[in-house]
Amino acid sequence: MEKASNLESKMYVLDTNVLLHEPLAYLSFQEHDVVIPMTVLEELDHIKDRKHDVSRDARVAIRGLDEVLKNATPEQMLQGVALPSNKKAKASSAGTLIIVNDHLFADSISGLPGNENDHRIINCAVYLQKQHSDSKVILVTKDINMRLKAKGAGLKYVEDYRTDQLIDDISLLTSGYKKIEGDFWDHVGECNTQQHGRDTFHHVPKNLIPDVFCNEYLLDGGDQFAARVKSYDNEHITLKDIGVERLMHQQAWGVKPKNIYQGMALDALLDTSIELVILTGPAGCGKTLLALASALEMVIEKGIYDKVIVTRNTPEIAESIGFLPGTEEEKMAPWLAAITDTLEVLHKGDENPISSRNYIMEKANVQFKSVNFMRGRSIQNAVVILDESQNLTASQLKTIITRCGEGTKLICTGNLAQIDSNYLTPVTSGLTYIVERFKNFEGSATINLNGVVRSRLASFAEENL
């Protein structure tokens, strides 16, 4: 593989987990060279036939590579085949895709034994670094340990795949509300107020809050004013005046907010004009309880929706769900114990809480579904609760969100401090992705439930462990 090199050129060597995370990742490197070692193709081949959800991504990656390379000769594959233009890329010239037979390289190049696939890929990157000394050879992998081993083996440039990363630090993630110092009205100059039924709307200057977005909540230091942004343009913001007292006196299925954050969450959850509500926050802040109480209120008491569908990510479920006895709901029960626990809490004052739970589940048509079986469905007139969504990738969340039809409300809950997935971090989680992507959508609201209300024990553990 003889290729002209210069100081500006970069050669990216992709690890298998990058293609599993985003099957068309090789289109994201603009005008640079992308190298796929033969070991990566072998790993994709082994994964594609498994019963894991990730097998689907492996097949998409293989089909995408075939589409680029189907007319290329062996010589062209070694020299580099021009990549199709990517709509997201702003580069004027297209990059090239190169397939490298890393099995031909000696194991001693990187000093790592060659019987492990990770070591072969690192070996390939180190070999290319020596062959193309004038180019930047960069290994891209989502495996932290592999990045450490690659640097230890002498590879100068090792990176995580960050193309789908919208923020650099989780502290920059929007909380869904803003706090204004002092009294809100002291900051407001000219204001036009209108009354529509029981709702009051204020039109305030945009320069008061320059970086505002739809359905963001505003609070002031006086603990009296609370409002939600209904719309905005370059000059004015339209606020729906709610008031702290009104927020705190809401209730759903007997549940009342314990703090202002839960009050804002209940306001968004009970508003049918908001189709997507995202609840983030630490363990014990009330995400699942509020979501389920609101769902029961809107299905049974108000009759707005027909049913409640509860689903969550279960990493090992693709293998084990078929071996568990019973229906799909019964198979899902071990993973959705948090929901049944919450139902029992909502009815703990009843004479027989378990009978009440079963009765309510039947009356509200509560259905437990696996994420793996949501693809291809169209869900109408339902409340969909997606619990533990921090463990899902952006593509998995897209699959679920696009299932929601007319009259469906989706509630996503998650704690970014409790990610179980091997290759997801708080900044690359699908939950972070949808919070950032949907913050300007007029049909969505995000609330970060700040504060643990489960118990003083849980609160102390959250702060000190």
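Everything numeric in this text was worked out from a predicted model, so none of it was measured. Positions are given from 1, in the same order as the sequence printed here.
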Phe213 meets the ring pair (Phe, Tyr, Trp, His ring centres under 6.0 Å) criterion, sequence neighbours left out, with none

How far apart are the closest heavy atoms of Lys307 and Val299, and which atoms are they? O-CG2, 3.9 Å

Between Tyr261 and Tyr177, is the ring centre distance below 6.0 Å? yes

Closest non-hydrogen atoms of Lys230 and Ser273, given as atom of the first, atom of the second and distance, are NZ-OG, 4.5 Å

Nearest-0.5 Å distance, CD1 of residue Ile447 to OG of residue Ser175: 8.0 Å

Counting only heavy atoms from other residues, nucleotides and ligands, does the tally under 6.0 Å from CG of Asn464 exceed 12? yes

Under a 4.5 Å cut-off applied to non-hydrogen side-chain atoms, are Met38 and Val100 in contact? no

Tyr161 and Glu22: side chain donor to acceptor below 3.5 Å: yes

Looking only at side-chain N and O atoms, does Asn450 offer a donor or acceptor that is under 3.5 Å from a partner on Asn448? no

Measure the CD1-CZ distance between Ile434 and Phe441 for me, rounded to the nearest 0.5 Å. 12.0 Å

Heavy atoms, side chains only, cut-off 4.5 Å: are Leu410 and Val277 in contact? no

My understanding is that only residues two or more places apart in sequence, or in another chain, count here; which of them pass salt bridge (charged side-chain N to carboxylate O under 4.0 Å, His left out) with Lys48? Asp45

Asn358 versus Ile360: any side-chain heavy-atom pair under 4.5 Å? no

Salt bridge (charged side-chain N to carboxylate O under 4.0 Å, His left out) pairs, two or more places apart, involving residues 64-80: Glu67-Lys70

Listed partners of Tyr217 passing ring pair (Phe, Tyr, Trp, His ring centres under 6.0 Å), at least two apart: none

Quick one about Lys136 and His32 (side-chain donor to acceptor, distance below 3.5 Å, no hydrogens or angles considered), yes or no? no

Passes side chain to side chain contact (heavy atoms under 4.5 Å, CB included), Thr280 versus Leu431? Steps please. CA-CA 9 Å; Thr280 63; Leu431 180 60; 4.0 Å; yes

Quick one: are Leu219 and Lys178 in side-chain contact, heavy atoms under 4.5 Å? no

Nearest 0.5 angstrom please: Thr73 OG1 to Met77 CE, how far? 9.0 Å

Does a donor on one side chain and an acceptor on the other come within less than 3.5 Å for Asn365 and Gln367? yes

I'd like to check Asp49 versus Ser55 (side-chain heavy atoms, cut-off strictly below 4.5 Å). Are they in contact? no

Under a 4.5 Å cut-off applied to non-hydrogen side-chain atoms, are Leu41 and Ile36 in contact? yes

So which heavy atom on Ile121 is nearest to which on Pro37, and how close? CG2-CG, 4.3 Å

Check Ile385 against Ala295 and note the closest heavy-atom contact, atom names and distance. CD1-CB, 4.1 Å

Looking at every non-hydrogen atom in both residues, tell me the closest pair between Ala150 and Val158 and how far apart they are. CB-CG2, 3.8 Å

Identify, with sequence neighbours excluded, every residue that meets ring pair (Phe, Tyr, Trp, His ring centres under 6.0 Å) alongside Tyr127. Phe105

Please determine if Lys206 and Asp233 form a salt bridge, counting it only when a charged side-chain N lies under 4.0 Å from a carboxylate O. no

Pairs meeting criterion salt bridge (charged side-chain N to carboxylate O under 4.0 Å, His left out) with involvement of residues 268-287, two or more places apart: Arg228-Asp271

Please name the residue in the list Asp160, Asp15, Thr16 that meets the side-chain hydrogen bond (donor to acceptor under 3.5 Å, both in side chains) test with Lys142. Asp160

Nearest-0.5 Å distance, CD of residue Gln380 to CG of residue Asp306: 10.0 Å

Indicate whether the side chain of Gln131 and that of Gln129 have a donor and an acceptor atom separated by less than 3.5 Å. no

Any chance you could lay out the side chain to side chain contact (heavy atoms under 4.5 Å, CB included) test for Trp253 and Ser294, step after step, and finish with the verdict? CA-CA 7 Å; Trp253 206 248; Ser294 302; over 6 Å; no

Classify the side-chain pair Thr428/Thr425 by whether it contains a donor and acceptor separated by less than 3.5 Å. yes

Straight-line distance of Thr272 OG1 to Lys302 NZ, nearest 0.5 Å: 8.5 Å

Are any non-hydrogen side-chain atoms of Asp102 and Val40 less than 4.5 angstrom apart? no

Side-chain donor-acceptor pair under 3.5 Å between Ser135 and Ser9, yes or no? yes

For atom CG of Leu148, decide whether the heavy atoms of other residues, nucleotides or ligands shown that lie under 6.0 angstrom number more than 12. yes

Quick one about Asp387 and Thr288 (side-chain donor to acceptor, distance below 3.5 Å, no hydrogens or angles considered), yes or no? yes

Between Met11 and Ile138, is a side chain to side chain contact (heavy atoms under 4.5 Å, CB included) present by the stated rule, with each step listed? CA-CA 6 Å; Met11 186 176 287; Ile138 305 165; over 6 Å; no

Using 0.5 Å steps for rounding, measure from the CG atom of Leu65 to the CG atom of Leu97. 6.0 Å

Checking Leu112 against Asn123 for the side chain to side chain contact (heavy atoms under 4.5 Å, CB included) test, could you report, in this order, the C-alpha distance in whole Å, the side-chain angles of both residues, the deciding distance, and whether it holds? CA-CA 7 Å; Leu112 296 171; Asn123 200 51; over 6 Å; no

Minimum heavy-atom separation for Leu392 to Ile400, with atom names? CD1-CD1, 4.1 Å

Side chains of Cys404 and Ile379: does their closest heavy-atom pair fall under 4.5 Å? no

